[in-house]
Protein chains: 2
Amino acid sequence: MAQSDTVDRILDAAEELFADRGFSETSLRMITSKAKVNLAAVNYHFGSKNALIHAVFARFLTPFSATLETAFDDLEERCDGKPPTLNQTLWALTESAVRMPQRTDKGISIFMRLLGLAYTQSQGHLRKFLEQEYSEPFSRFMRLLKEATPQLSAVDRYWRIQFMLGATAFTMSSSDALRDILENKLGVETSVQEIAARLVPFLAAGMQAEDTMLVPSFEQAPVA
Amino acid sequence: MAQSDTVDRILDAAEELFADRGFSETSLRMITSKAKVNLAAVNYHFGSKNALIHAVFARFLTPFSATLETAFDDLEERCDGKPPTLNQTLWALTESAVRMPQRTDKGISIFMRLLGLAYTQSQGHLRKFLEQEYSEPFSRFMRLLKEATPQLSAVDRYWRIQFMLGATAFTMSSSDALRDILENKLGVETSVQEIAARLVPFLAAGMQAEDTMLVPSFEQAPVA
DNA sequence: CCGTGCCTCAAACGTATGTTTCAAACAGAC
DNA sequence: GTCTGTTTGAAACATACGTTTGAGGCACGG
């Protein structure tokens, strides 16, 4: 083999292990033994474990952010002038994610789970890396959200974006938590596409909720 | 001192460190040096690091689940017979959380962040512990949610509950992630009570969103 | 006043981690 | 075939972790 596939085997193994164990809980020895490569190969090819984590993210985030850019381009062109709606913006995002070329059958869920972990596990270096490398599509998405919800105050919009990100990242990253508790009872399996199809209306409805209730209490919210 | 306060000092330090670093990323040496206590004290008083984690959760989860039980009792009594509404159920939960006696000024946010981590960091032992000890108030909350949303199919309700949990847990657990990016720009500080006041309407609206959009595409969702 | 039980302390133990080393194997160019 | 730069291999390194040990202190009941 001309350009050794050691690098890819490491990335594949690391991606999968990170996705279902987290970063700190995955050792280089687990990765190299799953990838059937020598332990030293990671530090040789990537330099450090943190750099390997960055490489895992870059491998799917770079093509994804390119796809996303063109999706946003298409959307804005289609709307010529008028700002896209909230639903359109959210769908542009989820369709870009779902339609990404997959390496494996479970590619998209690993993808989502890693993104969830990225925000959830407070790895300072990772956040710094992601902010530096992918701030542009992120900012653009934020701008679209702002234009799609002009009725919201900046503070309301800020928090509701937090809630959206939370619902998304958490759902995608908890493949084994509540799924075990409840999915057994229902006995149904759901694809990522179907989850997204359920998630987007939930997010859009929450984002456009009528009012922000302040100083709440049961006296002001009667029973009937 | 008759009953040494070592145990409480360890719990205080561990709680805070766990909350802003996660479990695996917090070592016993960090905890004991923050608590100004000997390293061996943790294993002496608690037996192991995992048992310490359980103790940290039990210290606030046990009184909280008691408070929650009476809040649900009050709510159901007030509604005599008729099932409580979704808003009432969500408010009963958040008010129980907010009105818990606080040990420190930042007590409630640590509380929330730990709960977020509990579902997010896939610590098998923690999930098992929480399920064993606190399954009853959890099941009761789920039952109330079911009765408050009879229009939803079981599958829809399952996923939307996931989304609610995600928005809540993630928001509460990401005290430093997006807050750094956006809160600087807005220059406002928000209390946990205010976050809850914004979160509940978001969740209720999402939970009661009209329809679950299936097989979505831009052809079926025109621009105007 | 002295022992008994509870607690603290410094030190060590065993293990696992990320990283480094350096010799061997390899590929391609001349 | 030989040389050169790149990649792999087994082993070791230094460090950090959770846990255990055993000596010492301290309070309290006899």
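Residue numbering restarts at 1 for every chain, and letters A, B, ... go by the order of the sequence lines.
Using the six-membered ring where Trp is involved, B/Phe57 and B/Phe23 have ring planes that are tilted, between 30° and 60° apart. The aromatic rings of B/Tyr134 and B/Phe129 sit perpendicular to each other, their planes meeting at more than 60°, with 30° as the lower class boundary. Aromatic ring pairs are classed by plane angle as parallel below 30°, tilted from 30° to 60° and perpendicular above 60°; the pair B/Phe60 and B/Phe111 is tilted.
Between B/Ala205 and A/Gly206, the shortest heavy-atom distance links the atoms CB-CA, 4.0 Å. Here the closest non-hydrogen pair linking B/Ser48 and B/Asn43 is CA-OD1, 3.7 Å.
Taking 4.0 angstrom as the limit, A/Ser27 places none of its side-chain polar atoms (N or O) nearer than this to OP1 or OP2 of C/dA16. For B/Asn43, a side-chain nitrogen or oxygen approaches OP1 or OP2 of D/dT19 to under 4.0 Å. B/His45 has a side-chain polar atom (N or O) that falls below the 4.0 Å cut-off from OP1 or OP2 of C/dT8. In this model, the phosphate group of D/dT7 is not approached by any side-chain N or O of A/Thr6 to a distance below 4.0 Å at OP1 or OP2.
Backbone-only engagement by A/Thr26 is indicated by non-hydrogen atom pairs under 4.0 Å involving sugar-phosphate atoms exclusively.
If you find the closest nucleotide of DNA chain D to A/Ala40 and to B/Leu28, the one lying nearer the 5' end belongs to A/Ala40. Along DNA chain D, the nucleotide closest to A/Arg29 and the one closest to A/Tyr44 are compared, and the more 5′ of them pairs with A/Tyr44.
Contact check of residues 46-55 of chain B against DNA chain D (heavy atom, cut-off under 4.0 Å) returns B/Ser48, B/Lys49.
Following rounding to the nearest Å, A/Glu25 (CD) and D/dA16 (P) show an atom-to-atom distance of 19 Å. When the P atom of C/dT8 is taken as reference, atom CG of B/Asn38 falls 9 Å away, rounded to whole Å. With rounding to whole Å, B/Leu39 atom CG is found 15 Å from C/dC13 atom P. Between A/Lys36 atom NZ and D/dT8 atom P the separation is 16 Å, expressed in whole Å.
With a cut-off of 3.5 Å on both pairing distances, the Watson-Crick and G-U wobble pairs of DNA chain C assemble into stems of 3 or more at C:4-6 with D:25-27, C:8-30 with D:1-23.
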(message) Checking A/Leu61 against A/Glu133 for the side chain to side chain contact (heavy atoms under 4.5 Å, CB included) test, could you report, in this order, the C-alpha distance in whole Å, the side-chain angles of both residues, the deciding distance, and whether it holds?
(response) CA-CA 9 Å; A/Leu61 226 42; A/Glu133 300 293 319; over 6 Å; no
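The pair A/Glu95-A/Arg99 meets the salt-bridge criterion, with a side-chain N (NZ, NE, NH1 or NH2) lying under 4.0 Å from an Asp/Glu carboxylate O. Between B/Glu76 and B/Arg140 there is a salt bridge, since at least one side-chain N of the basic residue sits less than 4.0 Å from a carboxylate O of the acidic one.
In this structure, a donor-acceptor pair under 3.5 Å is absent between the side chains of A/Gln162 and B/Thr171.
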